[in-house]
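Okay, so here's the structure we're looking at.
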Amino acid sequence: MLAISAPSSADLLTDEETISATSSETGTLLKGGTGKSPERKISKQSKNSCSKEDVTQAWFTTRDDKNNLQSHGHTWKQGQWTKSEVDLLKKNIEEYCAERGIEDATEIIFQMSKDERKDFYRTIAKGLERPLFSVYRRVTRMYDQKNHVGRYSPEEMEKLRDLRVTFGNDWISIGTALGRSASSVKDKCRLMKDKCNSGKWLLEEEKRLTAAVHDLAKKKPGEQVTSGLSWALVAEQVGSRSEKQCRTKWLNYLNWKEVGGTEWTRQDDVQLILRLSDLDVENESDIDWNELCQGWPSARSPQWLRGKWWSLKRHINNYQNLSF
DNA sequence: CTGGCTCAACGATATAATGA
DNA sequence: TCATTATATCGTTGAGCCAG
């Protein structure tokens, strides 16, 4: 855990609620040979009783696998990658390439057969507290030239609609034709909502949203909510807005309003800076915004508060880090 | 069969655009 | 100048595919 991201503060893992950070040092021992329970997969690694390796060097994606590892006290890092993690990843990849005289990492990632790139992911995952599937995800997105192209122009949108008709859900073909990555066009289609209102919410819409949330979450006013709430259904009841719009509107405004939140003031700005500088956190991404939000009536939601911080920062100077 | 990915779905986040 | 809204991309979940 030490190695990269949080040298001095292993206790400050970001915001995992499901995977407790507390057991990271003590609870990592795998029960070695005694595996009596329905052991599936992963078994290959579990014979050597060292723990970290099992997690960061194994592919595991099913619920059973994850539960199994967690019940054995394993933890792994989640959430946004920090800059140092990304740097290390890049360095590992460069080294891997250099050792084999490969110039372009994308060759390995997108062209080689699995056999040819045997152990690629395991090798470059060294030193990272992340499972292989997480590393894989990051790498394929990071090195995809067709990713990060930016906003869609109206012409592209038009073309996209046509391509959608001819290719259906063949995102790879659509992406190729459009010069975008498959995941980009897929996301775009998912999120493009032509039949929704945009701009300012009408009072009526807000009322419908509030009603829908109460109804679907079976929630009394004042109760905290929304795990397991289907925003798709909410959006359906609201009628005029997408689920994404509904969700952010609720999280960043209506919920706060309902619990009697107070306006944000200059005082709060100061308060925020104070609390942040109190925090003793290495990395900005280690800040626990959920916790920071607790009992702060003018903080509308963790993500909202975070936004506050960004805009505050932008006023000072360019992108410096740390809570200072 | 199984290791090594690959895919789909979807909420979360970061940042840009817009509006009052 | 804010605050609010829009949107491209990221991260997590959970399965599924397929060559060897």
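Labels below follow one simple rule: chain letters A, B, ... track the order of the sequence lines, proteins then strands, and each chain is numbered from 1.
Put simply, the side chain of A:Glu95 never gets that close to the backbone of A:Asn92: no donor and acceptor are under 3.5 Å apart. Remark: side-chain polar atoms of A:Gln245 are paired, donor with acceptor, to backbone N or O of A:Ser242 under 3.5 angstrom. Judged purely by atom type and a 3.5 angstrom limit, A:Glu85 uses its side chain to pair as donor or acceptor with the backbone of A:Thr82.
Residue-level contact check: A:Tyr121 touches the backbone only, with heavy atoms under 4.0 Å from sugar-phosphate atoms and none from bases. At a threshold of 4.0 angstrom between heavy atoms, the contacts of A:Gly307 with the nucleic acid are absent. Contacts of A:Asp115 with the nucleic acid, taken as non-hydrogen atoms under 4.0 Å apart, are absent. Residue contacts shown for A:Lys249 are limited to sugar-phosphate atoms, with no base heavy atom under 4.0 Å away. Residue contacts shown for A:Ser183 are absent, as no nucleic acid heavy atom lies under 4.0 Å away. Contact annotation for A:Arg63: backbone-only contact, meaning every heavy-atom pair under 4.0 Å involves sugar-phosphate atoms and none involves a base.
Checking C:dC2, B:dA8, C:dA15 against every side-chain atom of A:Trp171, the shortest atom distance belongs to B:dA8. The side chain of A:Lys186 lies closest to B:dA9 when the candidates are B:dG3, B:dC10, B:dA9. Looking at the side chain of A:Arg180, the nearest of the listed nucleotides B:dC5, C:dT5, C:dT9 is C:dT9. In the set B:dT13, B:dG4, C:dA15, B:dG4 carries the atom at the smallest distance from any side-chain atom of A:Trp59. Of the candidates C:dC2, C:dG11, B:dC5, C:dC2 carries the atom nearest the A:Arg266 side chain, counting heavy atoms from C-beta on. The side chain of A:Lys308 approaches C:dA3 more closely than any other nucleotide in the set C:dA3, C:dA15, B:dC7.
Contact between the side-chain N/O atoms of A:Lys244 and the OP1/OP2 oxygens of B:dG11 is not found at any separation under 4.0 Å. Of the side-chain N and O atoms in A:Arg151, none sit less than 4.0 angstrom from OP1 or OP2 of C:dT9. Side-chain nitrogen and oxygen atoms of A:Tyr136 include at least one within less than 4.0 Å of the OP1 or OP2 phosphate oxygen of B:dT6. At C:dT4, one or more side-chain N or O atoms of A:Arg300 fall inside 4.0 Å of OP1 or OP2 (strictly under the cut-off). In this structure, A:Asn147 reaches the C:dC10 phosphate: one of its side-chain N or O atoms is under 4.0 Å from OP1 or OP2. In this model, the phosphate group of C:dT5 is not approached by any side-chain N or O of A:Gln245 to a distance below 4.0 Å at OP1 or OP2. For C:dT9, one of the phosphate oxygens OP1 or OP2 lies less than 4.0 angstrom from a side-chain nitrogen or oxygen of A:Ser184.
For C:dA15, the base has no donor-acceptor partner in the side chain of A:Thr62 [N/O atoms by modelled type, under 3.5 angstrom]. Donor-acceptor pairing under 3.5 Å, judged by distance alone, is absent between the side chain of A:Arg138 and the base of C:dG11. Taking 3.5 Å as the limit, the base of C:dT12 and the side chain of A:Arg137 contain a donor-acceptor pair of atoms between them. The base of C:dC10 sits with one of its N or O atoms less than 3.5 Å from a complementary donor or acceptor on the side chain of A:Asp187. At a cut-off of 3.5 angstrom, counting only N and O atoms as typed in the model, there is a donor on one side and an acceptor on the other between the side-chain of A:Arg190 and the base of B:dG11.
Judged purely by distance below 3.5 Å, without hydrogens or angles, the side chains of A:Ser298 and A:Trp296 pair a donor atom with an acceptor atom.
Atom-to-atom, NZ of A:Lys118 to C1' of B:dG4 comes out at 10 Å; the value is rounded to the nearest Å. Between the P atom of C:dT9 and the CE atom of A:Met192 lies a distance of 15 Å, rounded to the nearest Å. Nucleotide C:dA3 holds its P atom 7 Å from the CH2 atom of A:Trp304, rounded to whole Å. Spacing between atom CD of A:Gln303 and atom P of C:dT5 amounts to 15 Å, rounded to whole angstrom units. Rounded to an integer number of Å, the gap from CZ of A:Arg130 to P of C:dG11 is 7 Å. With rounding to whole Å, A:Trp256 atom CH2 is found 11 Å from C:dA3 atom C1'. One interatomic measurement links the two molecules: CG of A:Asn252 to P of C:dC2, which rounds to 19 Å at whole-angstrom precision. When the P atom of C:dA8 is taken as reference, atom CE of A:Met142 falls 22 Å away, rounded to whole Å.
The shortest distance between side-chain heavy atoms of A:Trp171 and A:Arg164 falls below 4.5 Å. With contacts defined as side-chain heavy-atom distances shorter than 4.5 Å, the pair A:Arg241/A:Glu205 qualifies. Side chains of A:Tyr136 and A:Ile109 form no contact here, defined as non-hydrogen atoms less than 4.5 Å apart.
Along DNA chain B, the nucleotide nearest A:Ile172 and the nucleotide nearest A:Lys200 are compared for position; the residue whose nucleotide lies closer to the 5' end is A:Ile172.
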